[in-house]
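See structure below.
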Amino acid sequence: MLKIELKFKDSVLKTIVFDKEVITIGRHAKNDIQIDSLSVSSKHARIVKYHGKYLIEDLNSTNGTYLNKIKISKEKLADNDVITIGKHTLIPSYKTSDDESFAADIVDATMKLTTEEHIKMLKEHKKRKK
């Protein structure tokens with residue numbers, strides 16, 4: 001099983017757990033990991049499980065895929081490597097399916113929304129409470 005944290009700067013946008021052979025990454029909504037940024041190609045990269053290990057492969061993206069700050073075309077992934085795609089980073093972690101704490105930290109996590117729309121709604125809510 002593979003856990004991937006999608007980050008923008010120092011904020012974790014989402015954490016996803018995968019148990020599949022191929023994980024697609026890109027701007028298009030049909031990707032397993034969609035990164036909604038113009039610096040990311042529609043079909044940017046993919047992670048492939050091969051003989052129990054994972055590989056990251058760039059799909060001829062415009063801005064490239066970087067692994068630990070080195071531009072790659074295809075490279076083996078290690079636990080906690082840093083994948084850079086556009087302005088986003090992805091951090092993969094490997095765990096076995098019997099590691100209960102691995103899934104538990106995903107279920108217990110709550111993402112704090114900080115979009116302008118959400119902040120506006122919170123302000124309106126506070127005004128109504130007064």
Side-chain angles (χ1 to χ4, degrees):
M1 200 177 310
L2 181 66
K3 175 174 86 168
I4 299 176
E5 281 187 350
L6 174 62
K7 299 175 81 175
F8 181 74
K9 297 184 181 179
D10 291 330
S11 298
V12 176
L13 300 178
K14 68 171 84 170
T15 303
I16 313 158
V17 178
F18 292 100
D19 192 18
K20 56 191 297 191
E21 301 296 313
V22 178
I23 302 161
T24 59
I25 306 165
R27 192 175 68 241
H28 195 278
K30 289 186 179 181
N31 287 292
D32 297 307
I33 301 174
Q34 181 191 19
I35 303 174
D36 189 15
S37 171
L38 292 176
S39 64
V40 177
S41 296
S42 294
K43 294 179 182 178
H44 197 102
R46 67 180 169 200
I47 297 173
V48 179
K49 188 174 185 179
Y50 183 73
H51 295 293
K53 303 286 184 186
Y54 289 94
L55 305 170
I56 179 82
E57 180 180 10
D58 183 76
L59 299 176
N60 296 314
S61 64
T62 301
N63 292 311
T65 300
Y66 294 79
L67 182 63
N68 301 319
K69 298 185 179 182
I70 298 169
K71 189 173 182 177
I72 56 98
S73 57
K74 184 188 289 187
E75 205 57 54
K76 186 169 75 170
L77 282 176
D79 202 32
N80 294 314
D81 271 344
V82 177
I83 302 164
T84 304
I85 294 180
K87 296 180 180 181
H88 292 74
T89 55
L90 296 98
I91 314 294
S93 300
Y94 303 98
K95 298 291 178 181
T96 60
S97 58
D98 59 343
D99 187 347
E100 292 177 20
S101 64
F102 181 67
D105 67 346
I106 306 300
V107 173
D108 292 339
T110 302
M111 181 177 77
K112 182 171 178 150
L113 296 175
T114 57
T115 63
E116 288 181 35
E117 183 177 345
H118 186 258
I119 292 168
K120 183 180 175 183
M121 287 189 302
L122 285 174
K123 286 180 183 177
E124 290 298 319
H125 176 73
K126 287 179 182 177
K127 284 181 186 176
R128 280 186 247 136
K129 285 182 79 175
K130 288 183 180 183

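- Between Ile25 and Ile56, some side-chain heavy-atom pair lies under the 4.5 Å cut-off.
- Side-chain heavy atoms closer than 4.5 Å link hydrophobic residues (I, L, V, M, F, W, Y) into clusters, and following such links, possibly through other members, connects Ile35 to Leu2.
- Between Leu77 and Ile83, the closest side-chain pair of non-hydrogen atoms falls below 4.5 Å.
- When all heavy atoms of Leu6 and Gln34 are compared, the pair lying nearest together is CD2-O, 4.3 Å.
- No more than 12 heavy atoms of other residues, nucleotides or ligands sit less than 6.0 Å from atom NZ of Lys43.
- Contact detail for Asp58 and Asn60: the closest heavy-atom pair is OD2-N, 3.0 Å.
- With contacts defined as side-chain heavy-atom distances shorter than 4.5 Å, the pair Lys3/Thr15 qualifies.
- Here the shortest heavy-atom pairing between Thr62 and Ser41 reads N-OG, 3.1 Å.
- For Lys20, the salt bridge (charged side-chain N to carboxylate O under 4.0 Å, His left out) criterion is met by Asp32, not counting sequence neighbours.
- There is no path of hydrophobic side-chain contacts, each under 4.5 Å, that joins Ile16 to Val48.
- Counting only heavy atoms from C-beta outward, the side chains of Phe18 and Ile33 approach each other to under 4.5 Å.
- No side-chain heavy atom of Lys87 sits less than 4.5 Å from a side-chain heavy atom of Ser37.
- Both Val40 and Leu13 are assigned to one and the same hydrophobic cluster, defined by single-linkage of ILVMFWY side chains at heavy-atom distances under 4.5 Å.
- In this structure, Val22 is not a member of the same hydrophobic cluster as Ile47, with clusters built from ILVMFWY side-chain heavy atoms closer than 4.5 Å.
- Arg46 places no side-chain N or O within donor-acceptor distance of the main-chain N or O of Glu57, the cut-off being under 3.5 Å.
- For the atom pair NE2 of His88 and CG of Asp36, the computed distance is 8.0 Å after rounding to the nearest 0.5 Å.
- Looking at heavy atoms from C-beta onward, Asp81 lies out of side-chain contact with Glu75 at the 4.5 angstrom threshold.
- Judged by distance alone, with hydrogens and angles left aside, the side-chain atoms of Ser42 form no donor-acceptor pair with the main-chain N or O of His28 at under 3.5 Å.
- To the nearest 0.5 Å, atoms CD1 (Ile85) and OH (Tyr66) are separated by 11.5 Å.
- Checking side-chain atoms of His44 against main-chain N and O of Gly64 turns up a donor-acceptor pair under 3.5 Å.
- Asp79 contributes a side-chain N or O that, together with a main-chain N or O of Tyr94, makes up a donor-acceptor pair within less than 3.5 Å.
- By the criterion of side-chain heavy atoms lying less than 4.5 angstrom apart, applied directly or through intervening Ile, Leu, Val, Met, Phe, Trp or Tyr residues, Ile91 is not grouped with Ile72; the two fall into different hydrophobic clusters.
- Between the side chain of Glu5 and the backbone N or O of Leu90, no donor-acceptor pair lies under 3.5 Å.
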